[in-house]
Structure formats: C-alpha cells, structure tokens
Amino acid sequence: MPSAPAALLFLGGLCLSQSTGTQQQTLSKPVIWAKPSFMIPKGHPAVIWCQGPHQAVEYQLLFEGGLSALDRPKSPGSVNRAKFSVQAMSSNTAGQYQCLYRSGERWSQPSDPLDLVVTGLYDTPALSVQPRPEVTSGENVTFSCRLETATSMFFLLKEGRSSRPQHGYGTMQAEFPMGPVTRAHGGTYRCFGSYNKHAWSFPSEPVKLLVKGGGEDTTFAPTEHTSYPDGWDPYMLTVDTRIQKEPDLWDHTGQNLLRMGIAFLVLVALVGLLIEDCLHRKRRQDRTHGASSRGCRRRPRTQSPLEK
C-alpha cells in the first residue's frame with residue numbers, strides 16, 4: 001500500500017495537471033465582425049473589429065490564412081477589441097478573415113471566419129418573382145435572378161434579414177423557390193451574380209413580395225441594424241459575428257483560480273507530511289543507533305583469582 005506522502009504526491013500532481021490543462025483552455029476564441037456590413041461596395045471603406053478579453057495585449061488579423069495586420073492596444077486592460085481598417089474595398093481585399101489575440105505568452109485560437117464581400121464588380125442582374133409579387137399566405141413563389149454576363153453563382157438577400165443569403169447555381173440564371181410563404185416572407189429582395197463567393201455584381205433592382213392573410217410568423221422577421229451607405233439595408237451578419245459579453249467568454253477564470261488554490265493547499269500539506277515523515281525516520285534511526293551503541297560497550301574487567 002503506498003505511503004501517505006506518495007498518495008498525496010500523486011493527488012497533487014493530478015490536481016496540478018487538471019488545473020494546468022484547464023488554464024490552457026481558457027483562451028476562448030475572439031469574435032470578429034465588419035462595419036458597416038460584410039458586403040462593401042467597390043472603393044468604399046470598411047472596418048474589421050476583433051474582440052477579445054481585457055487581458056489581451058496584442059491582436060493579429062489573418063487574411064486567407066496568412067498574417068495581414070497587427071494591433072497592440074495602447075492601454076491594455078481598458079479596451080477589449082482591436083480595429084483594422086480597409087481604406088478602399090476591392091477584389092484584393094475581399095476574402096476570408098480571422099483574428100486572434102495574445103494574453104501573456106499564449107495565443108488564442110483563431111476566430112470563426114468572416115467572409116468579406118466586395119460588390120459592384122460586374123453587370124447588374126435582373127430579379128423577378130413568380131407567379132406574382134402579391135400572393136396569399138400558404139402559396140409557393142420562386143425568385144429568378146438573371147445576369148446577361150455568364151456566371152456560375154447567384155445570391156438572394158432579403159433586406160433586414162439576420163440569416164445567411166440564399167445561393168443558387170446557373171450559367172446565366174438561378175431560381176430560388178420559396179414556400180409555403182407566410183407574412184414574414186414578405187419584404188424587399190435583391191440578388192447578385194458572382195464568379196466567386198467574395199466578388200459580387202452590382203445589386204439588382206429591388207423586388208417587393210407582399211403576402212396577404214395568415215398569422216404573423218416571426219421566424220423570418222427583419223431585425224433593426226445600421227443603414228448601408230448607399231441607402232440599401234442588407235442584413236448585418238449577426239449569426240456568426242454577434243459580440244459576446246466578456247463574462248460569457250471568460251467565465252472559467254474563477255474555476256481555474258479555485259483549482260490552483262486547491263493544488264497549492266495539497267502541495268503545502270504534502271510538504272508538511274514529508275517533513276514530518278523525515279523527522280520521524282530520523283528519531284527512529286537515532287533510537288536504533290543509541291541502543292546499538294549501548295549494547296556494544298565493553299563491561300568492566302574483573303580480576304581472576306590467580307591475579308590476586
């Protein structure tokens with residue numbers, strides 16, 4: 001059976017291992033988003049924000065997997081985000097962005113990807129809806145997006161939507177079936193043609209869908225957001241890029257401190273037991289040595305009768 005110090009040593013090591021492993025996992029991913037939107041007209045400026053904890057001392061912006069820019073907060077601890085500016089949007093600056101931050105000597109994992117799109121590169125597509133723009137709740141409709149310049153991908157967006165755009169494929173035209181529709185499907189739609197997912201055409205003219213009858217369904221209800229520079233309000237990308245509150249991102253700190261405190265107490269107890277065990281062994285060795293010394297002493301010599 002292992003001794004008490006050995007058992008405590010194993011327990012302390014296990015506790016420290018768990019605490020260290022948990023501490024290494026506390027650097028949550030940062031949050032990345034773009035203003036005024038993930039869609040920027042060609043030549044217009046944009047701002048990419050990266051949010052981390054207040055302990056972050058450096059931020060990195062990645063573009064298509066490679067380092068694009070660095071930012072070090074001038075007053076670490078007072079701000080928890082970094083700002084990266086795009087002076088003029090173009091096909092060279094459109095693409096997939098990620099960011100990460102450094103706290104102490106450790107770097108976080110990259111954020112979820114942000115696909116930044118440039119618009120206004122090609123011809124203007126034409127959008128229509130069948131069977132008609134005014135329908136009754138429960139009917140099916142189909143949006144058709146057509147671009148005279150041959151392309152391979154199309155996107156349909158509803159103004160104010162908080163979900164991702166629908167995408168379709170076709171050489172010159174793509175169809176987007178929808179239904180049975182509810183009143184929440186009503187609204188203003190536009191479409192884009194694209195040769196890749198980051199370079200889009202000019203937006204089509206708006207098409208308004210009016211749905212009559214039926215109850216109010218808020219599943220696809222519009223959300224309020226910042227206005228788009230040219231007067232059109234495409235949805236803000238809020239599904240993957242919502243700003244999270246810092247306590248939600250860093251709620252493991254208290255648990256880590258508790259684990260480290262427990263590990264420290266275990267180590268203190270371990271050291272105390274080791275010292276006590278050492279003193280006990282020394283006292284036992286002293287008693288054994290003392291008894292051996294007394295047993296080995298020579299007895300006083302007595303004279304024999306012949307020596308008298």
Counting C-beta onward and ignoring hydrogens, is there a side-chain heavy-atom pair between [X] and [Y] closer than 4.5 Å?
X      : Y      : result
Lys197 : Asp115 : yes
His185 : Arg183 : no
Tyr59  : Phe84  : yes
Pro131 : Val141 : yes
Pro45  : Gln87  : no
Glu139 : Lys212 : no
Met89  : Thr119 : no
Met39  : Leu157 : yes

Nearest 0.5 Å please: distance from the [atom1] atom of [X] over to the [atom2] atom of [Y].
X      : Y      : atom1 : atom2 : result
Ile32  : Asp112 : CD1   : CG    : 9.5 Å
Glu64  : Gln98  : CD    : CD    : 9.5 Å
Phe176 : Phe154 : CZ    : CZ    : 7.5 Å
Glu205 : Ser128 : CD    : OG    : 13.5 Å
Cys191 : Trp200 : SG    : CH2   : 10.5 Å
Gln51  : Arg81  : CD    : CZ    : 5.0 Å

For Thr188 and Val207, run side chain to side chain contact (heavy atoms under 4.5 Å, CB included): C-alpha distance rounded to whole Å, both residues' side-chain angles, the deciding distance at 0.1 Å, then the answer.
CA-CA 6 Å; Thr188 302; Val207 171; over 6 Å; no
Remaining members of Phe202's ILVMFWY cluster at a side-chain heavy-atom cut-off under 4.5 Å?
none
Please give me the minimum heavy-atom distance between [X] and [Y], naming the atom from each residue.
X      : Y      : value
Val135 : Val181 : CG2-CG2, 4.0 Å
Ser28  : Ser108 : O-CB, 3.8 Å
Leu121 : Lys42  : CD2-CD, 3.5 Å
Ala199 : Ser194 : O-OG, 3.0 Å
Arg190 : Pro203 : CD-CB, 4.1 Å
Ser85  : Val47  : OG-CG2, 4.4 Å

For Gln109, is the CD atom crowded, meaning more than 12 foreign heavy atoms sit under 6.0 Å from it?
no
Would the distance check show the side chain of [X] and the main-chain N or O of [Y] forming a donor-acceptor pair, the cut-off being under 3.5 Å?
X      : Y      : value
Ser137 : Thr182 : no
His44  : Pro41  : no
Lys158 : Gly186 : yes
Gln55  : Ser103 : no

Looking at Asp71 and Lys83, is any side-chain nitrogen of the basic one under 4.0 Å from a carboxylate oxygen of the acidic one?
no
Decide whether [X] and [Y] are clustered together by the hydrophobic rule: side chain heavy atoms of Ile, Leu, Val, Met, Phe, Trp, Tyr closer than 4.5 Å, transitively.
X      : Y      : answer
Leu114 : Leu61  : yes
Leu100 : Phe63  : no
Tyr101 : Leu62  : no
Val57  : Leu67  : no
Tyr169 : Met172 : no

Run Glu175 and Gln130 through side chain to side chain contact (heavy atoms under 4.5 Å, CB included) and show every step you take.
CA-CA 10 Å; Glu175 294 187 347; Gln130 299 297 329; over 6 Å; no
Output, in order, the C-alpha distance, side-chain angles, deciding distance and verdict of salt bridge (Lys or Arg N to Asp or Glu O under 4.0 Å) for Glu159 and Lys208.
CA-CA 10 Å; Glu159 293 183 11; Lys208 188 171 183 179; over 6 Å; no
Which label fits Tyr122 and Tyr195: parallel for a plane angle under 30°, tilted from 30 to 60°, or perpendicular past 60°?
perpendicular
Check the orientation of Trp33 and Trp49. Use parallel for under 30°, tilted for 30 to 60°, and perpendicular for over 60°.
parallel
Residue pair Leu27, Trp107: steps toward the side chain to side chain contact (heavy atoms under 4.5 Å, CB included) verdict
CA-CA 8 Å; Leu27 291 184; Trp107 284 93; over 6 Å; no
Yes or no on side chain to side chain contact (heavy atoms under 4.5 Å, CB included) for Leu209 and Phe143, after CA distance, side-chain angles and deciding distance?
CA-CA 10 Å; Leu209 177 67; Phe143 284 91; 4.2 Å; yes
